[in-house]
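Since the structure comes first, as structure tokens, the remarks are kept for the end.
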Amino acid sequence: VQLQASGGGSVRAGGSLRLSCVASGLTPSSYAMGWFRQAPGKEREFVAACNWSGDIAGLSDSVKGRFTISKDIDKGTTYLQMNSLKPDDTAVYYCAARTQGALYATRWHKLQSEYDAWGQGTLVTVSS
């Protein structure tokens, strides 16, 4: 299993970015996805997650109304659309996949311990 995250960069407050995470070595219907982030000096925290199809999703309170998670099953790619970015969103963003019990499952997962594969992280910097 390999997860490749991309799309990070530098943006001004109020701007937008779209992160992508390509999963290889996995059957599209067999894994749920999550996005987490780690800001400088802070612990890694949950951002967004979805089930195998992307039609059932959850977001942290800090990003609700601004971020959207989606999944393109055919491409094996999960996206994190980030709008109205704030300096507090500055962090390294990680995608993660959960394969255990995820086949056609109808739930998403919030805890880092529930994921068994992680991408390398992509840096998002938001300036004021």
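Quantities reported herein were computed from a predicted structural model and do not represent experimental measurements.
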Nearest-0.5 Å distance that lies between atom NE2 in H109 and atom CG in L111: 9.5 Å
CE on M33 to CG on L26, rounded to 0.5 Å: 8.5 Å
Qualifying salt bridge (charged side-chain N to carboxylate O under 4.0 Å, His left out) pairs with a residue from residues 113-125, counting only residues at least two apart or across chains: R107-E114
Pair listing, salt bridge (charged side-chain N to carboxylate O under 4.0 Å, His left out) test, anchored in residues 74-85, at least two apart: none
R37 vs S62, side chain to side chain contact (heavy atoms under 4.5 Å, CB included): CA-CA, chis, key distance, verdict: CA-CA 12 Å; R37 68 185 182 187; S62 62; 3.5 Å; yes
Qualifying residues under salt bridge (charged side-chain N to carboxylate O under 4.0 Å, His left out), relative to D61, sequence neighbours excluded: K64
Counterpart residues, salt bridge (charged side-chain N to carboxylate O under 4.0 Å, His left out), relative to R98 (two or more places apart): none
Q38 atom CD, over 12 foreign heavy atoms within 6.0 Å: yes
Side-chain donor or acceptor of T122 paired with backbone N/O of S6 under 3.5 Å: no
Donor-acceptor side-chain pairing of S29 and T27 below 3.5 angstrom: no
Under 3.5 Å, which donor-acceptor pairs link side chains of residues 10-23 to any protein atom two or more places apart or in another chain?
| residue | atom | partner | partner atom | Å |
| --- | --- | --- | --- | --- |
| S16 | OG | N83 | OD1 | 2.9 |

Pair W35 + F46: ring centers closer than 6.0 Å: no
Pair listing, ring-ring contact (aromatic ring centres under 6.0 Å, His included) test, anchored in residues 55-105, at least two apart: W52-Y104
